[in-house]
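This structure is a prediction, so every number in the text was calculated from the model and none was measured. Numbers restart at 1 for each chain; the letters A, B, ... are given by sequence-line order, proteins then strands.
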Amino acid sequence: MRGIERVYAGILNQEYTLESAQPLTFHSDYYRDESTLVYVTGRSIVEARFFGDTEDKRIEARCNGRRIDLKDEIRRRFRLGDDIDELYRRINTDKMISGAIDRYRGMRVTLNEPWETTLCFIVSQFNNVKRIRGIVRKIIDNFGEEIYGPDGKVFHTFPQADVIRELKVDDIMRCGAGFRARYIRSAAEYCTDNIDLNRLNGRSYEDIKSELMQIEGVGDKVADCIALMGFGRFEAFPIDVWIKRTVERMYFNGKARRVREIHDFARERWGDTAGFAQQYIFWYGRNVMDRYNRSASQSSM
DNA sequence: ACCCAGGCGGGCG
DNA sequence: CGCCCGCATGGG
């Protein structure tokens with residue numbers, strides 16, 4: 001672990017970014033006290049430290065070996081090439097969302113490997129963050145390849161689809177995946193028999209989403225999460241219970257709306273930056289709006 | 001003991 | 001279609 005790369009990140013808050021239920025939240029470790037993220041990408045172990053405040057963030061990163069362009073990896077992972085001021089201008093349509101933007105300023109929507117994103121969000125369904133982390137961790141530790149960090153510490157690569165497909169459903173069940181184990185295995189089969197997900201990279205959002213929804217266990221919401229965080233498509237607007245609840249409260253006077261209507265609303269209002277808006281509404285809804293009608297005691301992270 | 005969790009597929013009217 | 005139900009599991 002030598003060769004520190006310094007990257008200027010501009011506007012970035014790593015805590016909001018790394019704790020807001022994105023794939024890195026599920027399969028990596030962020031040490032808040034040390035402002036340090038440790039994650040595996042491919043066969044590389046990346047350690048990134050964050051310095052400075054949200055308006056002027058700097059990152060110092062290092063990794064084992066030299067098989068990746070570390071600077072490029074960091075810039076790509078956190079989408080530092082995006083003009084975030086422009087993104088804020090485009091999603092800042094009203095007083096409601098502007099509260100969310102102000103509160104979580106610097107939160108980035110990360111870019112992740114499509115397969116890793118698929119597995120993580122299949123695990124996320126009808127589940128809570130703590131358990132998602134535990135299940136994903138066990139799948140990685142049980143089925144990933146061993147690689148070695150500093151001081152001989154053992155890490156594991158993220159098990160690829162061709163490895164998962166050879167497992168018995170019971171093997172995945174033993175990781176605590178429950179009824180999702182079947183989905184995980186069928187996703188692995190689909191991604192090796194029918195399509196290499198990486199081939200979807202150049203395709204339209206609609207194509208990507210409909211292809212993903214061919215996978216058993218990937219529905220409307222998970223497909224949008226993968227399009228958003230696995231393919232970087234900001235047209236995607238994943239609608240989970242929090243988004244639905246929060247959008248209904250913010251924009252529909254608390255009246256129930258169908259998922260279809262909320263998709264239409266988001267597309268009209270935020271267009272091809274809807275996914276960026278979604279992350280702010282999601283995190284704001286979970287942490288702030290929710291206090292109106294819940295005991296606010298079971299945040300379950 | 002009970003409730004809930006970044007949903008999904010299948011079955012019903 | 002739109003709605004409703006069960007689903008594995010562990011933490012609060």
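Taking atom P in both dG2(C) and dG6(B), the straight-line distance is 26 Å, to the nearest Å. Using atom P as the reference point in both dG10(C) and dC8(B), the two lie 22 Å apart (nearest Å).
Of all nucleotides listed (dG10(C), dG12(C), dG7(B)), dG12(C) comes nearest to the side chain of K130(A). Nearest to the side-chain atoms of R258(A) among the listed nucleotides dC7(C), dC3(C), dG6(B) stands dC3(C).
Note on F121(A): it clusters hydrophobically with V241(A), by side-chain heavy-atom contacts below 4.5 Å among ILVMFWY residues. Side-chain heavy atoms closer than 4.5 Å link hydrophobic residues (I, L, V, M, F, W, Y) into clusters, and following such links, possibly through other members, connects Y280(A) to L87(A).
Look at dG6(B): it lacks any Watson-Crick or wobble partner with both distances under 3.5 angstrom.
Near DNA chain B, meaning a heavy atom under 4.0 Å away, the residues from residues 171-179 of chain A are F179(A). Listed by residue number, the members of residues 107-118 of chain A with any heavy atom below 4.0 angstrom from DNA chain B form an empty set.
What separates CG of N127(A) from P of dG10(C) is a distance of 11 Å, to the nearest Å. Atom CD in Q125(A) sits roughly 17 Å away from atom P in dG6(C) (whole-Å rounding). Regarding F26(A), its CZ atom lies at a distance of 15 Å from the P atom of dA5(B), rounded to whole Å. Atom CD1 of I262(A) and atom P of dG7(B) are 14 Å apart (whole Å). Remark: C1' of dA5(B) and CG of N128(A) are 5 Å apart, rounded to the nearest angstrom. Residue F237(A) contributes atom CZ, which lies 17 Å from atom P of dG6(B) at whole-angstrom precision. Across the protein-nucleic acid pair, R131(A) atom CZ and dC4(B) atom C1' stand 11 Å apart, rounded to whole Å. Residue R260(A) contributes atom CZ, which lies 14 Å from atom P of dC3(C) at whole-angstrom precision.
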Set out, in order, the CA-CA distance, both residues' side-chain angles and the distance that settles side chain to side chain contact (heavy atoms under 4.5 Å, CB included) for Q22(A) and Q279(A), then state yes or no.
CA-CA 9 Å; Q22(A) 301 189 224; Q279(A) 191 62 20; 3.7 Å; yes
Please write out each protein N/O paired with an N/O of nucleotides 9-13 of chain B under 3.5 Å, distance rounded to 0.1 Å.
from	atom 1	to	atom 2	distance (Å)
dG9(B)	OP1	G217(A)	N	2.9

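Between R180(A) and dC8(B), a side-chain N or O to OP1/OP2 separation shorter than 4.0 Å is absent. Residue K244(A) places none of its side-chain N or O atoms closer than 4.0 Å to OP1 or OP2 of dG6(B).
Here R258(A) does not pair with D264(A) in a salt bridge; the nearest charged N to carboxylate O distance is not below 4.0 Å. A salt bridge links D171(A) with R174(A); the closest basic N to acidic carboxylate O contact falls under 4.0 Å.
Centre separation under 5.5 Å together with a plane angle under 30° holds for the ring of F282(A) and the six-membered base ring of dG6(B), marking them as stacked.
No donor-acceptor contact under 3.5 angstrom links the side chains of R108(A) and N13(A), judged on distance only. Judged by distance alone, the side chains of N112(A) and H27(A) never bring a donor and an acceptor atom under 3.5 Å apart.
Aromatic ring centroids of F237(A) and F265(A) lie 6.0 Å or more apart. With ring centers used as reference points, F234(A) lies 6.0 Å or more from Y205(A).
Seen from the ring of W283(A), R286(A) does not count as a face-on cation partner, given the 6.0 Å and 45° thresholds.
Among the atoms of the strands shown, none is found under 4.0 Å from any heavy atom of Q22(A).
To the nearest 0.5 angstrom, F78(A) atom CZ is 7.5 Å from T110(A) atom OG1.
Aromatic ring pairs are classed by plane angle as parallel below 30°, tilted from 30° to 60° and perpendicular above 60°; the pair F276(A) and Y88(A) is tilted.
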